[in-house]
Amino acid sequence: MILSDKLLKFNYFFKAFVAYIVAHATELMISPDQATNLEEDWLDWNLKNGSYTTPDTHGPVSISDINVAYEEYAPKAETIRVQIRDNSAIVLNGTDRVNLDIKIVSKSHSKILPRDFAPSIGLVKNNRLELEIFVFDSAQPAKKSKPTGVKFIGSAVAYTGADGAEPPRDAFATRVPEGKTIFSILYPTDKVGKKIWVICWYMSPTGKPSPESITFSIVLV
């Protein structure tokens with residue numbers, strides 16, 4: 001049984017993140033609806049993760065279900081994390097930052113401008129409901145580390161039929177920023193045989209974006 005490192009790490013983060021926000025919703029200026037939705041997301045995630053990590057139920061169905069859950073719940077959690085991080089009315093202490101995964105950006109890093117060039121995208125692998133890509137600087141295609149001043153890789157995806165044309169930009173769903181240049185995009189069984197379209201960009205330590213890449217596309221298997 002092969003388990004995704006990305007999903008296992010998110011499970012540990014999501015469990016602590018939701019529990020902490022629910023317990024400190026008032027101080028973190030989280031609305032009751034947001035807290036309730038997060039709890040519901042966690043309950044659904046925990047159920048699907050249980051099936052995914054149990055040998056007797058681990059298979060195409062549970063993998064597909066957890067992939068859908070990750071691509072839905074990870075961006076929602078990121079939106080709330082950024083909401084808290086960028087709210088100047090909230091004074092975060094060390095415990096807050098650890099549980100919410102919000103780091104202090106140094107003054108020197110906060111002044112770093114976004115890159116003025118777009119990244120390129122290369123294929124690493126496409127199988128087992130997982131598309132792995134390499135986002136790189138076309139001027140240094142063999143370099144696997146991020147360019148100087150880049151903290152994260154932003155990405156957005158859209159799907160069409162195998163012969164479909166590239167969708168408009170507003171049809172792309174933004175994903176959680178990635179910390180490495182090689183990362184996976186997870187997809188469910190109903191996307192097999194369809195074409196995925198991927199756009200990426202570099203992000204500064206404060207989240208400022210570079211220009212976007214040329215759209216990458218491939219039919220999923």
Side-chain angles (χ1 to χ4, degrees), residues 4-7 9-10 13 64 66-83 85-86 101 105 112-221:
S4 164
D5 184 58
K6 178 192 287 284
L7 294 177
K9 287 181 177 178
F10 178 71
F13 159 75
S64 179
I66 200 73
N67 285 358
V68 171
Y70 174 82
E71 295 293 342
E72 178 182 356
Y73 299 148
K76 289 170 69 175
E78 176 67 6
T79 297
I80 292 179
R81 194 184 70 83
V82 171
Q83 172 189 318
R85 183 197 68 189
D86 295 346
D101 193 24
V105 178
I112 295 176
L113 297 176
R115 299 290 82 187
D116 58 0
F117 57 89
S120 297
I121 304 174
L123 174 67
V124 178
K125 68 177 182 180
N126 173 22
N127 61 12
R128 297 190 75 251
L129 304 183
E130 178 180 355
L131 173 70
E132 190 170 61
I133 60 173
F134 173 35
V135 179
F136 61 95
D137 175 2
S138 58
Q140 304 181 74
K143 185 178 179 182
K144 292 185 178 180
S145 60
K146 298 186 292 292
T148 302
V150 173
K151 181 66 174 178
F152 300 106
I153 308 294
S155 60
V157 302
Y159 298 90
T160 65
D163 297 323
E166 180 176 346
R169 183 62 179 86
D170 60 8
F172 285 70
T174 301
R175 304 177 64 257
V176 175
E178 301 281 354
K180 297 181 179 180
T181 58
I182 297 177
F183 59 87
S184 298
I185 297 173
L186 307 175
Y187 56 92
T189 53
D190 64 3
K191 293 295 190 291
V192 173
K194 293 188 176 181
K195 183 180 289 185
I196 188 173
W197 303 80
V198 186
I199 296 172
C200 291
W201 57 90
Y202 291 130
M203 297 174 70
S204 73
T206 55
K208 296 176 182 177
S210 74
E212 294 182 344
S213 68
I214 293 173
T215 308
F216 168 88
S217 65
I218 190 170
V219 175
L220 297 171
V221 297

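FYI, the numbering just counts along the sequence from 1. If you're wondering where the values come from, they're calculated on a predicted model, not measured in any experiment.
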**Report entry** Test log, rule side-chain contact (heavy atoms from CB on, under 4.5 Å), inputs Ile133 and Val124
**Finding:** CA-CA 5 Å; Ile133 60 173; Val124 178; 5.6 Å; no
Report task. Please test Leu123 against Phe134 for side-chain contact (heavy atoms from CB on, under 4.5 Å), starting from the C-alpha separation and ending with a verdict. Result -> CA-CA 6 Å; Leu123 174 67; Phe134 173 35; over 6 Å; no
**Report entry** Listed partners of Ser184 passing side-chain hydrogen bond (donor to acceptor under 3.5 Å, both in side chains), at least two apart
**Finding:** Glu130
Report summary line: Contacts of Asp170 meeting side-chain hydrogen bond (donor to acceptor under 3.5 Å, both in side chains) (sequence neighbours excluded), chain-then-number -> none
Requested in this report: Give a yes or no answer on whether the side chain of Ser64 reaches the backbone of Thr189 with a donor-acceptor pair at less than 3.5 Å.
Outcome: yes
Report summary line: The side-chain contact (heavy atoms from CB on, under 4.5 Å) partners of Ala171 (sequence neighbours excluded) come to Pro167, Pro168
Requested in this report: Could I get the full list of side-chain hydrogen bond (donor to acceptor under 3.5 Å, both in side chains) partners for Asn126, not counting sequence neighbours?
Outcome: Tyr187
**Report entry** All pairs passing salt bridge (charged side-chain N to carboxylate O under 4.0 Å, His left out) where residues 210-221 contributes a residue, at least two apart
**Finding:** Arg169-Glu212
Query raised in the report: Which residues satisfy the side-chain contact (heavy atoms from CB on, under 4.5 Å) test with Ser210, sequence neighbours excluded?
Result: Arg115, Pro119, Trp201, Tyr202
Requested in this report: Sorted by first residue and then second, give each salt bridge (charged side-chain N to carboxylate O under 4.0 Å, His left out) pair with at least one member in residues 187-202; sequence neighbours left out.
Outcome: none
Query raised in the report: Would a 4.5 Å heavy-atom cut-off, applied to side chains only, mark Lys125 and Asn127 as touching?
Result: yes
Query raised in the report: Can you tell me how far the CD1 atom of Ile66 sits from the NZ atom of Lys6, to the nearest 0.5 Å?
Result: 13.0 Å
Requested in this report: Apply side-chain contact (heavy atoms from CB on, under 4.5 Å) to the pair Val82 and Ile80, showing each step before the final yes or no.
Outcome: CA-CA 5 Å; Val82 171; Ile80 292 179; over 6 Å; no
**Report entry** Minimum heavy-atom distance Val221-Val192, with the two atoms named
**Finding:** C-CG1, 4.0 Å
Query raised in the report: How many angstroms lie between CG in Leu186 and CG in Leu129, if you round to the nearest 0.5 Å?
Result: 8.5 Å
Report task. Please name all residues satisfying side-chain hydrogen bond (donor to acceptor under 3.5 Å, both in side chains) with Lys9, sequence neighbours left out, ordered by chain then number. Result -> Asp5
Requested in this report: With sequence neighbours left out, write down each residue that passes salt bridge (charged side-chain N to carboxylate O under 4.0 Å, His left out) with Asp101, or none if nothing qualifies.
Outcome: Lys103
Query raised in the report: Does atom CD1 of Ile214 have more than 12 heavy-atom neighbours, drawn from other residues, nucleotides or ligands, at distances under 6.0 Å?
Result: no
Query raised in the report: Looking at CG of Asn67 and CZ of Arg128, how far apart are the two atoms once the value is rounded to the nearest 0.5 Å?
Result: 10.0 Å
Query raised in the report: Between CD1 of Ile199 and CD1 of Ile121, what distance do you get to the nearest 0.5 Å?
Result: 8.0 Å
Just distance, no hydrogens or angles: give the donor-acceptor pairs under 3.5 Å from side chains in residues 141-163, sequence neighbours left out.
unit_1 : atom_1 : unit_2 : atom_2 : d
Lys146 : NZ     : Gly179 : O      : 2.7
Ser155 : OG     : Arg175 : NH1    : 3.0
Thr160 : OG1    : Trp197 : NE1    : 2.9

Query raised in the report: Roughly how far, to the nearest 0.5 Å, is the SG atom of Cys200 from the CZ atom of Phe136?
Result: 10.5 Å
Report summary line: CD1 (Ile185) and CG (Leu220) are apart, to the nearest 0.5 Å, by 9.0 Å
Query - salt bridge (charged side-chain N to carboxylate O under 4.0 Å, His left out) against Glu78, all qualifying residues, sequence neighbours excluded - result: Arg81
Query raised in the report: Shortest non-hydrogen contact from Val198 to Phe172?
Result: N-CE2, 4.3 Å
Query raised in the report: What residues, two or more places apart in sequence or in another chain, satisfy side-chain contact (heavy atoms from CB on, under 4.5 Å) together with Lys76?
Result: Asp41, Glu72, Tyr73
